[in-house]
Amino acid sequence: MTEAAETRRPGVVTRSSPRGAGLEKLFEYLCFSAATMLLVTLGGILVSLVIGGWPAFSKFGLSFFITSTWDPVQGVFGVAALIVDTIVVAMLALLLAVPIAFGVAFFLVELCPPILRRPIGTAIELLAGIPSIVYGMWGLFVFGPVFAHIVEMPLMNAAPPGSIWDKLTQGVPNGTGILAASIIVAMMVLPFIAATLRELLLTVPPQVRESAYGLGATTGEVVMTVTLPYVRRGAIGAVMLGLGRALGETMAVTFIIGNAHNFPKSLFDSGATIASTIANEFAEATTPMHTAALLASGLILFVITFAVLAMARMMLGRGQESVVA
Amino acid sequence: MLKKLAAGFAGIAAAAVCTGALAADISGAGATFPAPVYQKWAETYKAQTGNQLNYQPIGSGGGIKQIEASTVDFGASDKPLTPDVLAANGLQQFPTVIGGVVPVVNLPGIQPGGIKMTGPILSDIYRGLIVYWDDPHLTGLNPGLKLPHEKITVVHRSDGSGTSFLFTSYLTIMGPSWAKDVGASDSPNWPTGIGGKGNDGVAALTRQTEGAIGYVEYAYAKQNHMTYALMQNRDRHWVTPTAANFAAAAAGAQWTSAPGFYLLLLNQPGANSWPITGATFILMHKHQTNAAAAHNVLAFFDWAYKNGNPEAVSLDYVPLPDSVKALIRKSWNTILGPDGKPVYH
Amino acid sequence: MTVSAARVASRRLSNGVFVGFCYFVTAIALAFLAAVLWTLIQKGIGGISLDTFTMDTPASGSRGGLLNAIIGSILLCGLAMAIALFIGILAGTWLAEYAGDGRYGSAVRFINDVLLSAPSILVGLFIWYLLVAHLIHHFSGIAGSLALSLIAIPVIARTTEDVLRLQPTSLRESGAALGTPLWTVIRAILWRAGGSGILTGALLAFARISGETAPLLFTALNNQFRSFDMTHEMANLPVVMFNDALSAYDDLERLAWAAALIVSVSVLGVIIIARVLTREQKSR
């Protein structure tokens with residue numbers, strides 16, 4: 001064991017006393033088991049979703065993925081609309097969150113007066129800390145009506161009939177639906193992207209930035225042509241991290257999305273994401289097939305999120321992500 | 001420092017795990033409709049007897065599922081199970097209170113009771129066939145009203161609901177086309193509209209959306225001061241949703257000839273009968289493994305039948321007639337403990 | 001080479017746009033935060049009184065408060081943190097001290113980071129499947145705590161590993177020079193040195209799980225009454241919020257907002273404390 005320790009940590013020799021030797025091994029084993037628990041957990045989630053969802057997969061086969069009929073009474077289930085809605089909401093949320101998050105990160109790193117840096121940084125972290133369900137309640141009761149009056153109705157009335165805008169603004173202007181949900185999710189996701197990107201930007205060596213300034217570049221030019229490209233890979237990782245979170249967001253979406261199993265035909269249409277459907281229907285799924293369908297859609301969500309988060313991890317490398325709330 | 005923190009958490013954890021169950025705790029789950037009155041009864045019951053009944057409103061579908069899985073002591077559902085389903089699962093059901101399902105609208109300028117609806121029109125609206133508020137069907141029915149040229153936003157339940165079951169069952173009675181297109185169910189495949197979670201979700205969405213129409217249990221319509229519609233009943237009278245009219249619908253009901261108390265009080269005869277009325281039900285296993293828990297459940301409902309009327313009325317529910325309560329008590333003799341004897345006398 | 005004035009002007013303009021944009025979006029983000037906090041205070045304060053902290057959740061029309069939900073949340077989070085600290089610190093220690101650069105270590109790190117951001121509702125489903133559906137057959141506070149702990153463990157493991165890696169090698173060398181076994185070095189020296197960092201991680205994890213609703217929906221459910229029995233349903237603030245936010249009854253809706261205020265204030269308070277601790281660490 002001493003040799004192994006030496007190769008692991010050159011210069012540090014670990015000698016164990018005869019009494020401590022057994023305990024040392026025990027302790028190492030304990031730590032190892034704890035670490036393995038993480039793998040077991042992930043495996044457990046995967047296995048339980050597969051076993052639980054298997055009846056739905058075996059009964060419907062491919063049609064489970066490509067049809068959108070969700071009829072608990074007839075026992076016919078298809079998650080196409082759910083998958084599309086989940087991805088649409090997440091993508092729209094990212095579309096809104098990424099510019100804001102990048103702007104906030106740039107602000108904190110380059111533009112912010114040093115005294116305000118800490119408070120504003122903490123404030124952004126607070127944005128991440130607010131529980132998801134509070135965002136849902138706020139979204140439905142406060143944001144919704146305001147959004148309906150200030151944004152949805154004017155947009156609906158202003159859209160020239162027959163144009164693409166008209167198609168996009170069909171639906172009920174009551175502050176719920178795909179767009180409203182996307183905005184709330186964007187608010188929740190942006191602090192994660194901002195915090196991660198900020199950590200990344202801080203890793204850029206000062207000499208690189210200063211040499212750019214020395215050449216006479218403006219702040220904007222330094223950021224866009226020097227700093228950001230330096231961390232390009234990590235920045236993409238940060239965005240994907242945001243995407244991963246947006247895909248799994250449950251409570252905020254459940255309150256605002258309107259819960260209709262259909263393909264979104266417009267921005268104000270109601271929809272249903274996989275997560276919101278599980279939250280809404282799981283407690284009352286009376287038939288085993290309904291439960292299986294929900295678990296199966298959970299598995300699909302798991303696979304999608306896992307893929308996105310894995311890619312984010314690869315882009316970010318290690319130690320770049322900040323553990324925000 | 002870390003040690004103190006860990007010790008603190010461990011102390012809480014130990015306290016949590018070591019304390020055992022308290023006196024006579026019973027658990028039930030199910031329909032959101034009767035939740036206000038069950039929780040009110042539970043509160044008073046605890047104050048009077050010290051026994052705790054924890055009722056969680058997770059929807060009728062959830063109540064049925066949980067009792068079938070025996071994860072709760074009783075389930076509650078607005079949708080009664082048919083005698084075959086009851087027999088297949090070894091369940092017994094009995095009603096507790098009666099309520100009405102009320103269509104509500106959100107149209108500025110229209111007072112509660114200021115608009116008239118019929119079953120066929122509701123059926124067309126909910127199938128997406130009547131799209132605008134100033135449709136001739138609606139204006140013909142309400143000649144005195146100025147209905148706007150606005151799209152009707154249909155609001156329904158997003159979760160499995162006994163209220164939906166009552167509503168869709170009524171629409172099925174009102175016309176074969178509903179039966180064919182959608183049918184009666186607690187989770188129908190709604191052709192159109194947006195979904196709200198629970199009676200409260202439907203109420204919230206309807207209140208927030210101009211031009212919306214929804215259906216809720218009466219208590220929710222009254223509590224939220226919503227604009228309810230008058231309906232035409234079987235005797236072709238226009239009736240208001242009130243506790244008296246729900247009771248009128250229930251008055252003629254033949255409970256004695258309903259096995260398993262399976263009775264939907266829809267479209268009942270009577271000048272004042274509200275057309276969409278129904279009872280809400282409790283589900284229990286016929287063969288109980290835990291006789292004490294079953295005893296406590298029945299003791300609670302016996303107490304509620306004796307003492308709970310005023311509280312039910314104050315929350316806008318209609319108590320059952322005494323004759324029905326006597327029938328229910330007699331039916332409890334078939335709920336047997338492990339020793340084969342009835343758990344409650 | 002001369003630079004045209006137009007070119008300089010256009011660069012200045014685009015810089016102005018850039019800077020303006022950054023200020024603008026930061027203001028938007030802060031405005032959202034302010035709006036949410038304002039709503040919480042405005043709607044939540046109305047529901048807060050002495051009753052809120054002394055009485056249990058009521059049926060509509062009765063006097064009541066949130067005491068059972070507060071106690072329940074503390075119990076659920078307390079047990080979850082106890083589990084999460086135990087497993088998380090050990091896991092993080094393994095990753096920092098024993099794993100080295102091996103493939104298994106990289107895999108565990110990778111999985112840990114994925115779990116960090118995984119949808120919490122899936123964790124709830126997993127525990128439901130394992131405990132509620134198959135092993136224990138009814139809702140329980142233990143299941144709820146287990147679900148919460150699975151969310152907290154990756155946070156604690158990650159921060160523990162980071163903190164331990166930051167400790168200078170000289171600390172380990174001094175321990176080894178005295179002849180102490182590695183595990184004693186870890187316990188007596190490294191954990192102690194990294195204590196405040198690990199504490200910060202614990203606080204962040206606690207902040208995270210105390211607001212989680214989805215994992216509790218099918219595990220701990222909720223309880224109308226005060227109960228200390230973790231083997232059955234346990235009252236908690238997030239599910240009270242979920243049930244009552246849309247209630248038809250105004251008093252219950254006020255209660256939901258009061259709960260939202262209490263949860264948010266404690267979460268934000270914990271985050272601020274954690275930030276303050278981090279600053280103290282860094283300045284040391």
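First the proteins, then the strands, lettered A, B, ... as listed; each starts at 1. Just so you know, these numbers use all the heavy atoms, side chains as well, and skip hydrogens, waters and symmetry mates.
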Test side chain to side chain contact (heavy atoms under 4.5 Å, CB included) on Val47(A) and Tyr129(C) and set out the steps. CA-CA 10 Å; Val47(A) 163; Tyr129(C) 187 83; over 6 Å; no
Step by step, would you call Val263(C) with Val134(A) a side chain to side chain contact (heavy atoms under 4.5 Å, CB included)? CA-CA 9 Å; Val263(C) 171; Val134(A) 173; 5.7 Å; no
Side chain to side chain contact (heavy atoms under 4.5 Å, CB included) assessment of Trp94(C) paired with Leu30(A): CA-CA 9 Å; Trp94(C) 185 82; Leu30(A) 203 62; over 6 Å; no
Check against side chain to side chain contact (heavy atoms under 4.5 Å, CB included), Tyr104(C) and Leu39(A): CA-CA 10 Å; Tyr104(C) 190 69; Leu39(A) 281 181; 3.5 Å; yes
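No other option in Leu140(A), Val223(A), Leu294(A) has as many heavy-atom pairs under 4.5 Å with chain C as Val223(A). Per-residue heavy-atom pair counts under 4.5 Å with chain C were compared for Met314(A), Glu221(A), Met224(A), and the maximum is reached by Glu221(A). For the set Ser48(A), Ser33(A), Gly248(A), the entry with the most heavy-atom pairs within less than 4.5 Å of chain C is Ser48(A). Between chain A and the residues Ser14(C), Ala35(C), Ser264(C), the largest count of heavy-atom pairs under 4.5 Å involves Ala35(C). Among Ala260(C), Pro119(C), Ala256(C), Ala34(C), the residue making the largest number of heavy-atom pairs under 4.5 Å with chain A is Pro119(C). Interface summary for chain A: among Phe86(C), Phe242(C), Trp257(C), the most heavy-atom pairs under 4.5 angstrom belong to Trp257(C). With respect to chain A, the highest number of heavy-atom pairs below 4.5 Å among Leu122(C), Val108(C), Val267(C) belongs to Leu122(C). Ranked by heavy-atom pairs shorter than 4.5 Å toward chain A, the options Thr213(C), Leu261(C), Thr39(C), Asn15(C) are led by Asn15(C).
The distance from atom CD1 of Ile184(A) to atom CZ of Phe32(C), rounded to the nearest 0.5 Å, is 6.5 Å. Here the straight-line distance linking atom CD of Glu212(C) with atom OG1 of Thr250(A) works out to 8.5 Å at 0.5 Å rounding. Distance check, rounded to the nearest 0.5 Å: CG of Leu49(A) to CZ of Phe126(C) gives 9.0 Å. Taking CG of Leu126(A) as the reference point, atom CG of Leu268(C) lies at 5.0 Å (rounded to 0.5 Å). Atoms SG and CD, on Cys31(A) and Glu97(C) in that order, are 9.0 Å from each other to the nearest 0.5 Å. For the atom pair Glu125(A) CD and Leu204(C) CG, the distance stands at 7.0 Å (nearest 0.5 Å).
Using a 4.5 Å cut-off between heavy atoms, Leu33(C) contacts chain A through both its backbone and its side chain. Leu108(A) does not touch chain C: none of its heavy atoms, backbone or side chain, sits under 4.5 Å away. Residue Thr305(A) touches chain C through its side chain alone, counting heavy-atom pairs closer than 4.5 Å. In this structure, the portion of Leu125(C) lying under 4.5 Å from any heavy atom of chain A is its side chain and not its backbone. Looking at Leu130(C), neither its backbone nor its side chain comes within 4.5 Å of chain A, counting heavy atoms on both sides. Only the side chain of Phe141(A) comes within contact range of chain C, judged by heavy atoms closer than 4.5 Å. Proximity to chain C involves both the backbone and the side chain of Thr36(A), based on heavy atoms less than 4.5 angstrom apart. Of the two parts of Leu190(A), only the side chain, counted from C-beta on, holds a non-hydrogen atom closer than 4.5 Å to a non-hydrogen atom of chain C. Neither the backbone nor the side chain of Val308(A) comes within less than 4.5 Å of any heavy atom in chain C.
The nearest pair of heavy atoms linking Arg275(C) to Arg118(A) is NH2-O, 3.6 Å. Shortest non-hydrogen contact noted between Ala34(A) and Ala91(C) is CB-N, 3.6 Å. Nearest approach of Met137(A) to Ala245(C), heavy atoms of both residues: CG-CB, 3.8 Å. Residues Trp183(C) and Glu24(A) come closest through the heavy atom pair N-OE1, 2.9 Å. The shortest non-hydrogen separation linking Ala275(A) to Ile121(C) is O-CD1, 3.6 Å. Residues Thr26(C) and Gly103(A) come closest through the heavy atom pair OG1-O, 4.1 Å.
Taking a 6.0 Å sphere around OH of Tyr213(A), one finds it holds more than 12 heavy atoms contributed by other residues, nucleotides or ligands. Surrounding OH of Tyr23(C) are more than 12 heavy atoms belonging to other residues, nucleotides or ligands, all under 6.0 Å away. In Arg12(C), the CZ atom is not crowded: 12 or fewer heavy atoms of neighbouring residues, nucleotides or ligands sit closer than 6.0 Å. More than 12 heavy atoms of other residues, nucleotides or ligands sit less than 6.0 Å from atom CE of Met315(A).
The aromatic rings of Trp128(C) and Phe282(A) sit perpendicular, their planes meeting at an angle over 60°, well past the 30° parallel limit.
Under the rule for a side chain to side chain contact (heavy atoms under 4.5 Å, CB included), the partners of Ala238(A) that lie at least two apart in sequence or sit in another chain are Ile193(A), Thr196(A).
Proximity of the aromatic rings of Phe32(A) and Tyr98(C) is defined here by a centroid distance below 6.0 angstrom, and this criterion is not met. Ring to ring, Phe106(A) and Phe21(C) are not that close: their centroids are 6.0 angstrom or more apart.
A donor-acceptor contact closer than 3.5 angstrom is absent between the side chains of Arg11(C) and Thr218(A).
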